[in-house]
Amino acid sequence: MLFPSLYNLYSDGLLPENFSILASGRTVMDDEAFKESIGKSLNAYLPDDRRDSGRITRFLEMVSYCPVDVSDTASVQCLSDRIGSGNGGPIAVYLSTPPSLFAPTAQALADAGILTPTTRIAMEKPIGKDLASSKEVNDAMGALFDEENIFRVDHYLGKETVQNLLALRFGNMLFEPLWNANAIEHVQITVGETVGLEGRVSYYDGVGALRDMVQNHMLQILSIIAMEPPARLDSTAVRDEKVKVLRSLRKMNAETVSTLSVRGQYTPGAVKGEIVTGYADELGKPSNTETFVALKAQIDNWRWAGVPFYLRTGKRLPNRQSEILIQFKPVSHSIFGHKNNGAKLEPNTLIIRLQPEENIRLLIMAKEPGLDRDGVKLQEVGLDVSLVQAFEGARRRIAYERLLLDLLEGDTTLFVRRDEVEAQWQWIDSIVNGWKDSGQKAQPYAAGNWGPSSAIALIERDGASWHD
Ligand code: BG6
């Protein structure tokens, strides 16, 4: 994601002049070997209309590589030598490492004299594995950088579709007056994936779907859906509103987790007609890590009191499908009844599909054509907007393109502030601790299904059902 994004920015002339990319990792190789591997990947993954071998070659001229082991001061020196021989311009550091390495890496860079007061640092989620460890990372980073120079990356915030939620809510008069507990019955947020472990065994096991997806991406979506209108589209105003929502999430505990959460783990099955193995087989040992989670979140504030937010995400589900469903309440009185034979009214539903295709669908009631001798018959019809069609021809960028550009330009609006991350962890910790204290286990589900059957019960108990 990172190199194709940088390449795309380069192709569009959006990178600053005299830009250079100094990559590093533990693998020992020289510049040429690294460039060759990046060149190969760009050729393999860039879409046909973006691939240009001359441009790839010119792009690779700005790339160099240093093998680095942050515990070895001498190896970090390689970075400082390369930077020292550069043009002396500002530096942005991008850490795509396990969270336990954020602080030691930043400290090693500081010890090698690489950081300046204007150096910006980006960190890929997850920031820690719980509140305590995220505080440690944030404290260590805070000792070296001002908060305005710390960029916590959640790539969902770079997605066009997620930003479109702001446009939908705050660029239209239509929805905001109804966007509250008076008119909304419940909200569903689903992020479904068909993939399994994708070779990420060492990262994923012990982390699980709750920490991997809900703690960050899903809570960011939830906070954008639920926040109060910010006064301006700037980093302080937007993040102030998001953090208020995150802090209003009702914590769970050992008693409530059993009714408010479901954990699942996929067993062998079939996804899109392909037979796939189970999680434990991919892992090579039994594990209690959840690859699916369904939650009933409650937001204790004036706007959302009593409106459940149902969240679910998982791997090896039937479809790669991310969407938000807003279920409105029924009309307060139906005028259509006739000799007990009148129309059935369905409450309105707004479905915002984020992935794979982007569209918005509003289900409304309309009259079926006819003479209505037995009473007016109504039927649910969809008002559909395909954003792909509406903006045909507009290139959909990789989420990281925008985020990298914002990092270079110093705009933190689409990055996660320290208080947001910590509020996210506080809620997640309450669930993890509830699971631990109550001994709640991951239930099996055959790959290719929407999680264990208890996930269906979680929502149906309240008289609602998942939109599959
Ligand atoms: C990552 C998770 O943050 O997001 C992965 O670690 C997940 O497990 C991925 O597959 C999903 O991102 P996207 O953009 O494909 O929806």
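One-based numbering, in listed order, for ligands and for the atoms of each. Every heavy atom of this structure was used, including side-chain atoms; hydrogens, water molecules and symmetry mates were not. Counting from 1, the numbers follow the sequence of the chain as shown.
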Mind jotting down which protein residues get a heavy-atom contact under 4.0 Å with ligand 1? Chain and number order, please.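 Residues near ligand 1: Lys125, His155, Tyr156, Lys159, Glu193, Arg200, Asp212, Met213, His217, Lys315, Arg320, Gln355.
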Qualifying residue, where the test is side chain to side chain donor-acceptor pair (under 3.5 Å) with Gln355 and the options are Lys159, Glu323, Glu193: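 When side chain to side chain donor-acceptor pair (under 3.5 Å) is applied between Gln355 and each of Lys159, Glu323, Glu193, only Lys159 qualifies.
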Does Ser5 have any side chain to side chain contact (heavy atoms under 4.5 Å, CB included) partners at least two apart in sequence or in another chain, and if so, which?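 Residues passing side chain to side chain contact (heavy atoms under 4.5 Å, CB included) with Ser5: Ile398, Tyr400, Glu401, Leu404.
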Mind checking what makes side chain to side chain contact (heavy atoms under 4.5 Å, CB included) contact with Leu178, not counting sequence neighbours?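 Counting only residues at least two positions away or on another chain, Leu178 forms a side chain to side chain contact (heavy atoms under 4.5 Å, CB included) with Ala183, Phe328.
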Under 6.0 Å between the ring centres of Phe292 and Tyr445?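 That pair passes the under 6.0 Å test.
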Point-to-point distance, once rounded to the nearest 0.5 Å, from CD of Gln443 to CZ of Arg263: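 Reported to 0.5 Å precision, the distance equals 9.5 Å.
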Show me the donor-acceptor pairs within less than 3.5 Å that the side chains of residues 91-110 make with the rest of the protein, sequence neighbours left out.
unit_1, atom_1, unit_2, atom_2, d
Tyr94, OH, Glu124, OE2, 2.8
Thr105, OG1, Leu101, O, 2.5
Gln107, NE2, Asp111, OD1, 3.0

